[in-house]
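Report on the following structure.
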Amino acid sequence: MNFKKQLLQLQNQGAYRSLKILPQGTFNFCSNDYLALSHHSKVIEGALQATKKYGAGSGAARLISGNNDLMERLEYELSQWKQVESSLLFNSGYHANIGVIPALADENTIIFSDEFNHASIIDGCRLSKAKTVIYRHNDMGHLEELLKNPPQPPFVKGGDSHFVPPLKKGVRGILIITESVFSMEGDLAPLEDLKELAEKYDALLYVDEAHAVGMFGENGVGRLGKNPSENILTMGTFGKAFGSYGAFVCGSDILKKYLINKARSFIFSTSLPPSAMGASRAALKIIQGREGENLREELWSNVSVVNKELGLDQGESPIFSIKIGDAKKTMALSERLLKDKIYIQGIRPPTVPEGSSRLRLTVSARHTVKELFCLIKNLEKIL
Ligand SMILES: *Cc1c(COP(=O)(O)O)cnc(C)c1O
């Protein structure tokens, strides 16, 4: 393998990636810290107190000696919030998707996956070895067409289509996977239609709410709301609106027991550090309460300012997708903005489809009016 040649090739395609440290005083418009909780004093205090009491690291995977009452309490609080029987923590959203999907699906399962689903979902599908059928982004007509004529299992001779025990539905071994708020487009999945289709075709619906929890739904529970039905599995992360790190899956008690036994990314990885869980607990308390309501109000107000001033016709979420097309041009625009202290990372293939490179802009509750107008002025200048 010629590393140098490969890297050069990436450079020629405008696809070369490198790490950056933002210069001081730069306005960050691409973080997923939507409610600015990563710097909230109570969230920081939560991390500090948990570290003092439980230490800097958990020392082992949870099934060995890495379990403690902090984790159990956070899971209990998540379940109360979502009004589900059980919740299970994962080390990150990536861990959750590459752990849960292969636990639910095997060679004899069919997965229907939105074409714009996150890389961690794609990797989860690949690891599962399931037959994965891609439907056009948010296209329910296309999904139903595919559901009507699914490839017929068993795909492996002698195989037996399987699904987890709690899912009375889904006996046919069909899994539909979508993001709730699409991370790179900023648009919303038609969850009501997806629920209906899942019901109609006896499928299990897996919804990744990474960019929805904290911001959508009553008490910030996400777009699926509280107490989702039995054939829906919901995943959320702590790394975005919670301002912390980690992830969780919510569902039935038996599902939790099943995942503890089957999800390899859960079984074979050191559990979350106490600091992350202390921070997440504090963030959850804020998100559920009055302060969370206020933060969401500020967030949506900022979102509508940007949407209106830039005439974008988006604003369903705090993620705006400004399509440029060419990868090199996109990166040049990002560099140019950075000179004016506006940081918006350019997004290129393979994160997004070829020819759809873009500036992915995010707004937070704590952006000031001055910062927003500085952004707007500079974007208008270059676009
Ligand atoms: C960010 C993201 C993930 C990964 O979550 P991490 O906690 O950052 O690993 C998974 N799914 C979606 C849709 C995401 O946007």
Side-chain angles (χ1 to χ4, degrees), residues 58 60-106 109 111 120-121 124 127-128 130 162-171 173 175-177 180 198 203-210 212-213 217 219 221-222 224-239 242 244-274 276-277 280-281 284 288:
S58 72
R62 271 178 93 180
L63 286 166
I64 307 297
S65 68
N67 192 32
N68 58 42
D69 62 317
L70 186 57
M71 292 174 191
E72 305 270 340
R73 238 179 288 166
L74 176 53
E75 288 177 338
Y76 175 76
E77 287 158 1
L78 285 167
S79 302
Q80 294 287 101
W81 173 60
K82 268 301 275 188
Q83 284 174 22
V84 289
E85 248 175 43
S86 273
S87 302
L88 183 65
L89 298 176
F90 279 82
N91 286 356
S92 71
Y94 199 101
H95 280 82
N97 284 337
I98 63 162
V100 175
I101 298 169
L104 296 176
D106 67 5
T109 310
I111 298 176
S120 56
I121 296 174
L127 275 172
S128 76
H162 96 281
F163 246 137
V164 280
L167 304 162
K168 290 174 206 136
K169 310 258 169 167
V171 284
L175 184 58
I176 300 172
I177 309 182
S180 169
L204 169 69
L205 178 62
Y206 181 79
V207 184
D208 179 337
E209 297 233 64
V213 287
N219 302 113
V221 291
L224 276 173
K226 296 182 180 181
N227 191 19
S229 74
E230 209 183 26
N231 68 325
I232 300 176
L233 223 104
T234 135
M235 185 279 253
T237 68
F238 294 128
F242 278 72
S244 167
Y245 188 69
F248 54 91
V249 172
C250 296
S252 64
D253 202 35
I254 189 132
L255 177 80
K256 175 173 177 171
K257 289 183 173 130
Y258 179 82
L259 291 176
I260 289 173
N261 282 276
K262 293 281 191 181
R264 292 169 65 84
S265 63
F266 174 87
I267 300 169
F268 297 107
S269 190
T270 302
S271 54
L272 283 167
M277 286 179 289
S280 297
R281 286 186 72 198
L284 178 58
Q288 289 189 67

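When reading the values below, keep in mind they use all heavy atoms of this one structure, side chains included, and skip hydrogens, waters and symmetry mates.
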Note, Met277 side chain near Leu89 side chain (heavy atom, < 4.5 Å) | yes
Counting only N and O atoms by type, is there a donor-acceptor contact under 3.5 Å from the side chain of Ser271 to the main-chain atoms of Ala60?
-> yes
With Ser128 as reference, evaluate Thr109, Ile111, Asp106 under the side chain to side chain contact (heavy atoms under 4.5 Å, CB included) test and give the passing residue.
-> Ile111
Under the 3.5 angstrom rule, does the side chain of Glu209 hit a backbone N or O of Leu224 as a donor-acceptor pair?
-> yes
Pairwise side-chain contact, Ile101 with Ile121, heavy-atom cut-off 4.5 Å (strictly under) | yes
With respect to Asp208, which candidate in Thr237, Asn97, Thr234 satisfies the side chain to side chain donor-acceptor pair (under 3.5 Å) definition?
-> Asn97
Got more than 12 heavy atoms from elsewhere within 6.0 Å of CD1, Ile64?
-> no
Minimum heavy-atom distance Ser120-Tyr94, with the two atoms named | CB-CD1, 3.6 Å
For the student: nearest non-hydrogen atoms of Ala212 and Ser180, plus distance = CB-OG, 3.6 Å
Is there side-chain contact between Gln83 and Val221, with at least one heavy-atom pair below 4.5 Å?
-> no
Taking Asn261 for the side chain and Lys257 for the main chain, is one N or O donor matched with an acceptor at less than 3.5 Å?
-> yes
Should the ring pair Phe90 and Phe266 be called parallel, tilted or perpendicular, given that the plane angle runs from 0 to 90° and is split at 30 and 60?
-> perpendicular
CD of Glu75 to CG of Asp69, rounded to nearest 0.5 Å, is 11.5 Å
Apply side chain to side chain contact (heavy atoms under 4.5 Å, CB included) to Thr270 and Ser58, showing your working.
-> CA-CA 7 Å; Thr270 302; Ser58 72; 3.5 Å; yes
Nearest-0.5 Å distance, CG of residue Leu255 to CG of residue Leu88 | 8.5 Å
SG on Cys250 to CD1 on Ile232, rounded to 0.5 Å | 12.5 Å
Neighbour count >12 (heavy atoms, 6.0 Å) for atom CZ, Arg73 | yes
Could you check Val100 against Met235 for side chain to side chain contact (heavy atoms under 4.5 Å, CB included), going step by step and ending with a plain yes or no?
-> CA-CA 10 Å; Val100 175; Met235 185 279 253; over 6 Å; no
Start with the C-alpha gap between Arg62 and Ile260, add the side-chain angles, then the distance that decides, and say whether side chain to side chain contact (heavy atoms under 4.5 Å, CB included) holds.
-> CA-CA 9 Å; Arg62 271 178 93 180; Ile260 289 173; over 6 Å; no
Are any side-chain N or O atoms of Ser244 and backbone N or O atoms of Ala276, one a donor and one an acceptor, separated by less than 3.5 Å?
-> yes
Do Ser87 and Lys82 come close enough that some side-chain heavy atom pair is under 4.5 Å?
-> no
Side-chain heavy atoms of Phe238 within contact of Leu78, under 4.5 Å = yes
Of the options Asp253, Leu74, Val84, which is the one that meets Ser79 in a side chain to side chain contact (heavy atoms under 4.5 Å, CB included)?
-> Val84
Side-chain donor or acceptor of Tyr245 paired with backbone N/O of Pro273 under 3.5 Å | no
Is any side-chain heavy atom of Trp81 closer than 4.5 Å to a side-chain heavy atom of Val213?
-> yes
Would a distance-only check, ignoring hydrogens and angles, find a side-chain to backbone donor-acceptor pair under 3.5 Å from Asn231 to Leu205?
-> no
Under a 4.5 Å cut-off applied to non-hydrogen side-chain atoms, are Ser269 and His95 in contact?
-> yes
For the atom pair CZ (Arg264) and CD1 (Ile267), what is the distance rounded to the nearest 0.5 Å?
-> 7.5 Å
Go through the steps to decide whether Met71 and Asn68 satisfy the test side chain to side chain contact (heavy atoms under 4.5 Å, CB included), and finish with yes or no.
-> CA-CA 6 Å; Met71 292 174 191; Asn68 58 42; 3.6 Å; yes
Heavy-atom count around Lys226 NZ within 6.0 Å, excluding the residue itself: above 12?
-> yes
